Amino acid sequence: MLEKMKRTHQCGVLTRENLGQEITLMGWVQTRRDHGGLIFVDLRDRSGIVQVVFNPEYNREAFEAAKEIKNEYVIAVKGKVNERPKENVNPKIKTGEIEVYADRLEILNPSKTPPFPIEDDIRVDESLRLKYRYLDLRRPTMLRNIAFRHEVKKAIREFLDNNGFLEVETPMLTRSTPEGARDFLVPSRLNPGTFYALPQSPQLFKQILMVAGIEKYYQICRCFRDEDLRADRQPEFTQLDIEMSFVDVDDVIALNEKLVKHVVEKTLGISVEIPFKRMAYKDAMELYGTDKPDTRFGLEMVEVTDIALKSEFKVFSEAAKAGGKVKGINVKKAADLFSRRQIDELVEKAKEFGAKGLAWIVYSSEGIKSPIAKFFSEELLNELLKRMNAEPGDLLLFVADADPKLALTSLGQLRLHLGKQLNLIDEGALNFLWVVEFPLLEWDEEENRYVAMHHPFTSPMDEDLDFLETDPSRVRAKAYDLVLNGTEVGGGSIRIHRTDVQERMFKVLGFTKERAWENFGFLLKAFEYGTPPHGGIAYGLDRLVMLLLGLNSIRDCIAFPKTQNAACLMTEAPAPVEPKQLKELHIQINN
RNA sequence: GGCCCAGUAGUUCAGUCGGUUUAGAACGCCAGCCUGUCACGCUGGAGGUCGAGGGUUCGAGUCCCUUCUGGGUCGCCA
């Protein structure tokens, strides 16, 4: 009986330093190149790949055994590290200067032929990758993504630990609260007819931890929202959740800038300049048509409502008269880039984004080409061109809408579309931006009442507090979002810690005192016992990792993500359960 | 819930105007040969519910309807 083999080295880290050493490797067979009288095997483990040579003149037994192995077999190889002859060096792999002469081979486990090749840059349907996720994760890129995610979390914990934060866990089985996203519900066996909800975030618990005197809390925590999926949205996702006592907006922002700087520098080795730029919500909407502007390129929107009002173009003047907005974008030097047909495509795009239409002016060297020019006097047209900072060669695009927000958001989306289409985006950039001074409240047409834009515990700005009842929509919140390259990666606020303000807030939201206590009583009760001023932030960790890695989908940095139907193709969850289980839960399925 | 894209061999795809025989190619797989490959090479071979159901037609991978799955997006996501 041969003695049991013990792994001594990793494949991918072997170098000339190891020449002459007797080593034992364990890993997966990447490829076997069988020359009849000589067999090469690329052996792969987490660290990388190394070439193993099976030569009957070196060891016949190992050579014979190597005839049996196939791709993805798990094997153990004992052998000697040798220098490759100069002409056989492979510069494409890190271990290309050496190879391992095998004198013993053991097959630890065979493998079926994988349904797709285990290598990078494969073009294979994502659903197949998800079904065989364990094979997909063997691919170097995926392994790198998972490892990078680990590094991000490590850097976060390192920074927060150094700054006096305690990681505290909060319940996954909690109660459903109104407002916000749809909850995932868990039926209670012991309490028939009642349900837990999985947390949308640890929001209320972290505030209670502030009442509890924790002062500095964080948690890397799974959160759940039963809403439709997107490339950057999963029903279960990971938050970095932070809360601090005795702080105001600037304290939270300053700490988080240092945190982000630390994380990016530790993981990517890229230096990050702080403080980040700050932009008021109002400016973000006016200039970019979104509360998460991508500032990696220009094409800012220009206000032309006042000029539009004076024109004979009814679409413009009537939108302006109705209290709406007319906004324009100057696509510099694009007059020749867009044919009439391509401009029509832009019009269609704008409509997809909700605009009623898209007006355009081609300012070429031969003059103005535009279906709307005839509605403008020469003087007014010149005023418009001047406002738009237009020069010959520019393409001007305008959206008008009686609903000012729709004018902003539709043109804002068109701006993003143009940025991508014209390749204006510097993919290597990391543009961090704080969006601040969010409105506290938003009018909800469906519910016919104001709803909290952030959540009902967000503090109004002190200078706006007086308008809470008289002019709710003008009240700004002590809320802030961290935006990276046009994606919201974090958001938070200073919370209300005064009972009277909280009661006024609930009142504006249309909650009776009874209903507020019914839903949030545990929090309101806690607030009666000495609540420190506090505030915090929550990051979408998956998104942050996605953006730092330059991925297109959050799924590529989550080990086991779900599909657009919120299904796991590997486990085939969700799935029916036994009638007995339902009975125990007092649940009846209604078809 | 709306809109858009895709679905043909294990994989990635081609398949013209609805009709040329048994639906092709590459890679992978299987067998044989091969001592310096690393996208090894050479020879041969197997492999198909054209996502599913219905319809139009003398005839459907191809046209129509429904549906399922995957992806993108709007709504939604405090």
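These numbers come from the heavy atoms of this one structure, side chains and all, not from hydrogens, waters or symmetry mates. Just so it is clear, the structure is predicted and the values come from calculations on it, not from any experiment.
- Nucleotide B:C77 holds its C1' atom 12 Å from the CZ atom of A:Phe184, rounded to whole Å.
- Remark: P of B:C74 and CG of A:Asp232 are 9 Å apart, rounded to the nearest angstrom.
- Across the strands present, B:U37 finds no partner; the criterion is a Watson-Crick or G-U wobble pair with both atom distances under 3.5 angstrom.
- Checking each of A:Gln203, A:Gln207, A:Arg495 against A:Glu243 for a side-chain hydrogen bond (donor to acceptor under 3.5 Å, both in side chains) leaves exactly one that passes, namely A:Arg495.
- The side-chain tip of A:Arg415 points at the ring of A:Phe297 from less than 6.0 angstrom away and within 45° of straight on.
- Going from atom CZ of A:Phe353 over to atom P of B:G72 covers 16 Å, rounded to whole Å.
- Within the structure, every side-chain polar atom (N or O) of A:Gln200 is placed at least 4.0 Å from both OP1 and OP2 of B:C77.
- Rounded to whole Å, the C1' atom of B:A39 lies 35 Å from the corresponding atom of B:U62.
- B:C34 sits 8 Å from B:C42 when the C1' atoms are compared, rounded to a whole Å.
- If you take atom C1' in B:G36 and the same atom in B:C30, they sit 26 Å apart, rounded to whole Å.
- A:Asn565 has a side-chain polar atom (N or O) that falls below the 4.0 Å cut-off from OP1 or OP2 of B:G70.
- When the C1' atom is compared between B:C58 and B:G1, the two are found 43 Å apart, to the nearest whole Å.
- The side chain of A:Lys112 contributes no N or O atom lying less than 4.0 Å from OP1 or OP2 of B:C29.
- The residues A:Glu236 and A:Lys562 are annotated as salt-bridged, a charged nitrogen and a carboxylate oxygen being separated by less than 4.0 angstrom.
- Within 4.0 Å (heavy atoms only), A:Arg123 reaches sugar-phosphate atoms of the nucleic acid but no base atom.
- The aromatic rings of A:Phe457 and A:His455 are tilted relative to each other, their planes meeting at an angle between 30° and 60°.
- Put simply, CZ on A:Phe506 and OG1 on A:Thr512 are 10.0 Å apart, with the number rounded to the nearest 0.5 Å.
- Residue contacts shown for A:Glu99 include a base, since a base heavy atom lies under 4.0 Å away.
- For the C1' atoms, the distance linking B:G10 with B:G55 amounts to 33 Å, nearest Å.
- In this structure, the nucleotide among B:G70, B:U35, B:G36 sitting nearest to the side chain of A:Ser127 is B:G70.
- Put simply, the side chain of A:Arg32 and the base of B:C38 share no donor and acceptor less than 3.5 Å apart.
- Look at A:Arg230 and you won't find any side-chain N or O under 4.0 angstrom from OP1 or OP2 of B:G75.
- The residue A:Glu57 sits close to a base: some heavy atom pair falls under 4.0 Å.
- The nearest whole Å value for the distance from the CD atom in A:Gln564 to the P atom in B:C4 is 15 Å.
- Rounded to whole angstrom, the span from the CZ atom of A:Arg543 across to the P atom of B:C77 amounts to 13 Å.
- Closest approach to the A:Asp228 side chain among B:G1, B:G71, B:G36 is made by B:G1 (side chain taken as heavy atoms from C-beta onward).
- When heavy atoms are screened at a 4.0 angstrom cut-off, A:Ile122 is found touching no nucleic acid atom at all.
- The interatomic distance linking A:Phe237 (CZ) with B:C76 (C1') rounds to 14 Å, in whole Å.
- Across the strands present, B:A23 finds no partner; the criterion is a Watson-Crick or G-U wobble pair with both atom distances under 3.5 angstrom.
- Under a 4.0 Å N-O distance rule, the pair A:Arg449/A:Glu447 qualifies as a salt bridge.
- Using a cut-off of 4.0 Å between Lys/Arg side-chain N and Asp/Glu carboxylate O, A:Arg33 and A:Asp42 are scored as salt-bridged.
- Between B:G70 and A:Lys131, no contact under 4.0 Å exists linking OP1 or OP2 to a side-chain N or O.
- If you check every strand for non-hydrogen atoms under 4.0 Å, A:Thr458 touches nothing.
- Taking atom P on both B:G61 and B:G18, the two are 13 Å apart, rounded to the nearest angstrom.
- Using a 4.0 Å heavy-atom cutoff across all strands shown, A:Val124 reaches sugar-phosphate atoms only and no base atom.
- Within 4.0 Å (heavy atoms only), A:Leu569 reaches sugar-phosphate atoms of the nucleic acid but no base atom.
- Ring geometry, A:Phe224 versus A:Phe184: the interplanar angle exceeds 60°, so the pair is classed perpendicular (tilted spans 30 to 60°).
- Across the C1' atoms, B:G72 and B:A31 are found 45 Å apart, a figure rounded to whole Å.
- Ranking B:U35, B:G71, B:U73 by closeness to the A:Glu126 side chain, first place goes to B:G71.
- Heavy atoms of A:Asp226 sit nowhere under 4.0 angstrom from any nucleic acid atom.
- Contact annotation for A:Glu87: no contact, since no heavy-atom pair falls under 4.0 Å across all strands.
- Phosphate contact (OP1/OP2 of B:G70, side-chain N/O of A:Thr563, threshold under 4.0 Å): present.
- A gap of 13 Å separates the P atoms of B:A60 and B:C50, to the nearest Å.
- Below the 3.5 angstrom threshold, one finds no donor paired with an acceptor across the side chain of A:Asp125 and the base of B:G71.
- Rounding to whole angstrom units, CZ of residue A:Arg129 and P of B:G7 are separated by 19 Å.
- A:Tyr101 comes within 4.0 angstrom of a base, heavy atoms only.
- Using a 4.0 Å heavy-atom criterion, one finds that A:Phe40 contacts the bases of the nucleic acid, with or without backbone contacts as well.
- Within 4.0 Å (heavy atoms only), A:Arg555 reaches sugar-phosphate atoms of the nucleic acid but no base atom.
- Atom-to-atom, CG of A:Leu38 to P of B:C33 comes out at 16 Å; the value is rounded to the nearest Å.
- Residue ring and nucleobase are not stacked for A:His35 and B:U37 under a centre distance beneath 5.5 angstrom and an angle between planes beneath 30°.
- For a distance-only test at 3.5 Å, the side chain of A:Glu352 fails to qualify as a donor-acceptor partner of the base of B:U73.
- The A:Glu227 side chain lies nearest to B:C77 when the options are B:C77, B:C38, B:U35.
- In this structure B:C30 sits in a base pair with B:G44, meeting the Watson-Crick or G-U test at under 3.5 Å.
- Ion pairing of A:Arg474 with A:Asp464 is absent here, as no side-chain N (NZ or NE/NH1/NH2) approaches a carboxylate O to less than 4.0 Å.
- With respect to A:Asp136 and A:Arg133, a salt bridge is recorded, a charged nitrogen being found less than 4.0 Å from a carboxylate O.
- An OP1 or OP2 oxygen of B:G36 is reached within less than 4.0 angstrom by no side-chain nitrogen or oxygen of A:Gln51.
- For A:Lys92, counting side-chain heavy atoms from C-beta on, the closest listed nucleotide (B:A39, B:C40, B:G1) is B:A39.
- Distances from the side chain of A:Arg33 to the nucleotides B:G71, B:C40, B:C29 place B:C40 closest.
- When distances run from any side-chain atom of A:Pro115 to the nucleotides B:C77, B:G10, B:G72, the shortest one goes to B:G10.
- A donor and an acceptor atom sit less than 3.5 Å apart, one in the side chain of A:Arg233 and one in the base of B:C76.
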